[in-house]
Amino acid sequence: MNTMLASAQTIIKKTAKSLGLSDYSIERLISPERIVEVNFPVAMDDGSIKMFKGYRIQHNSARGPYKGGLRFHPQVSYDEVQALATLMSIKCAVAGIPFGGGKGGVIVDPKKLSQKELENLSRAFVRAIAPVIGPDVDVPAPDVNTNPTIMSWMLDEYIKTQTLDDRPKTKENSLGSTVQGPRSKLYATFTGKPVDNGGSLGRTEATGRGGVMVLKALLSKLDHRHETRDHRPELIVQRPQTVDRRQESRDEGLESKVYSLGSTYSPGSMTVAIQGFGNVGYYFAKIAQEEGFQVVSVSDSKGGIIKTMDDRPKTLEKSLRSTVQALGSTVQALGSTVQALGSTVQGLTPLDVSLVIQCKKERGTLAGCYCAGGVCDTRGGQLITNEELLELPVDILVPSALENVINKDNMARIKATIIIEMANGPITEEAYEYLTKKGVIIVPDVLSNSGGVSVSYLEWLQGKKGEKWTEDKVNGELKDIMEKAFKSMWEKSIAKKISLKQAAFEVAIERIIEAMV
Ligand code: NAD
């Protein structure tokens with residue numbers, strides 16, 4: 001069993017046990033309702049026909065149609081798809097949207113296919129899974145290496161399987177036109193479609209936007225928390241049973257930092273570092289900056305950038321670091337002070353996210369955007385590694401690229417007070433526990449990156465109703481969904497003195513069980 005599946009099942013079992021659920025319910029919560037494995041032929045450009053293997057795993061439909069992406073990747077496996085389908089059930093439930101969880105994928109390296117072969121593969125896969133999908137049954141979406149164009153091909157192929165529509169394509173009945181009649185309801189079979197072919201405005205930005213909404217919801221709670229000190233979630237002060245004095249003083253330091261951070265909350269005074277500058281990381285950075293946060297570092301697979309005011313802070317940092325080293329064990333107790341000084345010492349100044357993306361587009365990588373002595377947008381910029389980004393002395397850390405990047409090797413060096421998990425599973429279990437005990441507030445991926453699936457739900461709804469909403473309406477609906485979801489998780493965390501992750505799983509599992517009953 002792969003680690004993602006094992007850890008998804010472990011936390012579900014643990015949560016279900018703490019809720020006092022029966023063995024039968026636990027078994028039902030971890031077992032997919034339907035597993036579809038397909039082997040299908042695809043015509044290649046050289047005239048040959050090749051067989052491919054794909055999966056669609058439908059985990060739980062108690063709350064509504066299965067929902068989840070389709071990925072094309074050589075490492076797609078049965079276990080991975082099952083883990084992702086399981087987590088989709090949790091994610092949709094915690095977001096409070098009426099979907100169950102599903103996931104699919106094909107074992108293929110799409111980079112080795114021509115555009116025509118990619119289209120043939122997409123269409124052939126949909127023909128193979130057509131009997132088990134549909135607007136009220138299972139609603140796929142893009143995922144790794146699939147995109148709106150692929151969704152259009154899939155939708156077109158799916159409609160053919162349902163309507164045997166052999167009319168010649170004309171302007172009126174081809175994809176891209178407004179489709180009327182019975183075919184139009186089939187549009188809701190896929191989400192993540194291009195906007196001119198039934199897609200929703202706001203979908204592209206939705207995951208990053210939802211993450212920033214969650215961050216703001218968290219800060220508004222912290223803002224009030226100093227008034228209700230006794231009603232804090234246990235995660236802030238979850239101390240081990242036996243703590244030595246050194247550990248205790250460090251925890252107190254972090255706790256008071258969280259309090260002071262919360263009570264003086266203002267985005268303009270809070271620094272953010274974001275690992276990953278793809279769909280999720282870029283929009284998180286852009287929208288966080290629009291909301292007034294100081295985005296001081298971003299990275300892609302080739303590394304990250306920061307911008308310092310001048311050389312003086314670096315000299316200061318160097319001398320502070322050597323003093324800190326000389327202080328030896330006292331350093332532990334000084335941890336939070338050093339952290340508070342972090343941004344000043346580092347001399348980090350905000351990046352201009354719109355210039356950074358423009359530069360990345362021109363130069364290919366963020367690393368290419370640093371030009372020493374030249375006149376470029378990130379003048380004063382420095383390159384840092386992805387590992388260094390994670391350890392920057394910032395208020396908010398946003399891993400938005402890969403899984404397991406915060407682990408036992410670097411957990412002790414993480415300095416952020418808040419982590420918003422935007423990638424799936426960026427923190428290992430061990431690191432999650434360590435950081436939570438240390439007082440770091442971690443908003444779990446199942447909630448913080450659920451903005452994407454939430455707008456997929458809004459796209460599905462528009463498809464079902466034959467409506468087209470403005471971007472403002474979509475964003476307003478998304479805000480409602482994210483804030484309600486955050487509130488449920490937060491209140492559960494406070495009421496039961498459990499971590500936000502545990503609370504998110506409890507909320508989700510209670511909702512699924514309620515629907516199953
Ligand atoms: P993407 O492919 O658009 O971007 C990924 C980014 O990560 C790129 O900037 C890439 O350069 C960077 N990256 C790759 N390897 C890296 C490394 N070793 N170190 C640092 N950065 C690295 O992907 P995305 O859609 O932005 O998804 C990012 C994460 O968010 C994934 O875990 C994904 O599963 C999760 N997620 C995405 C969505 C969505 O709607 N796109 C929704 C939920 C969860």
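One is the number of the first residue; the rest follow in order along the sequence. Start at 1 and go down the list; that is how both ligands and their atoms are numbered.
Proximity of atom 41 (N) of ligand 1 to the protein is indicated by at least one non-hydrogen atom lying closer than 4.0 angstrom. For atom 34 (O) of ligand 1, the nearest protein heavy atom is under 4.0 Å away.
The protein heavy-atom contact nearest to atom 7 (O) of ligand 1 is Ala401 CB, 3.4 Å. Protein heavy atom at the shortest distance from atom 4 (O) of ligand 1 is Gly278 CA, 3.2 Å. Annotation: atom 19 (N) of ligand 1 to nearest protein heavy atom, Asn386 ND2, 3.2 Å. Scanning the protein heavy atoms around atom 28 (C) of ligand 1, the nearest turns out to be Ser400 O, 3.3 Å. At the top of the distance list for atom 44 (C) of ligand 1, counting protein heavy atoms only, stands Asn449 ND2, 3.4 Å.
When non-hydrogen atoms are compared, ligand 1 lies under 4.0 Å from the side chain of Leu402 (C-beta onward) but not from its backbone.
In this structure the side chain of Arg203 never reaches within 4.5 angstrom of the side chain of Pro148, judged on heavy atoms. Annotation: side chain of Arg56 is in contact with side chain of Leu70 (closest heavy-atom distance under 4.5 Å).
A salt bridge links Lys492 to Glu510: one of the charged nitrogens lies within less than 4.0 Å of a carboxylate oxygen. Ion pairing between Arg34 and Asp138 fails under the 4.0 Å rule for side-chain N and carboxylate O.
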List, one per line, each side-chain donor-acceptor pair under 3.5 Å for residues 273-287, sequence neighbours excluded.
from   : atom 1 : to     : atom 2 : distance (Å)
Gln275 : NE2    : Asn386 : OD1    : 3.2
Asn279 : ND2    : Thr204 : O      : 2.9
Lys286 : NZ     : Glu290 : OE2    : 2.9

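Checked against a 3.5 angstrom limit, the closest N/O atoms of Thr207 and ligand 1 fall inside it. Inclusion of Asn424 in the set of residues having an N or O under 3.5 Å from an N or O of ligand 1 is warranted. Of the N or O atoms in Gly452, none lie within a sub-3.5 Å distance of an N or O in ligand 1. Taking only nitrogen or oxygen atoms, main chain and side chain alike, Asn279 reaches within less than 3.5 Å of ligand 1. At least one N/O-N/O distance between Val280 and ligand 1 falls below 3.5 Å.
No more than 12 heavy-atom neighbours from other residues, nucleotides or ligands sit within 6.0 angstrom of NZ on Lys408. Counting heavy atoms of neighbouring residues, nucleotides and ligands inside a 6.0 Å radius, atom NZ of Lys464 exceeds 12 of them.
Remark: Lys193 fails to qualify as a cation-pi partner of Tyr187 under the 6.0 Å distance and 45° angle criteria applied to the six-membered ring.
Aromatic rings from Phe52 and Phe125 are positioned such that their centres are separated by 6.0 Å or more.
Assignment of Arg203 to the shell around ligand 1 is supported, since a heavy atom sits closer than 4.0 Å.
Short contacts between ligand 1 and Met422, defined as distances under 4.0 Å to a heavy atom of the residue, involve ligand atoms 30 (O), 35 (C), 44 (C).
Within the model, atoms CD1 of Ile30 and NE2 of His59 stand 8.0 Å from one another, a figure rounded to the nearest 0.5 Å.
For atom 22 (C) of ligand 1, the nearest non-hydrogen atom from the set Ser301, Gly425, Gly69, Ser450 comes from Ser301.
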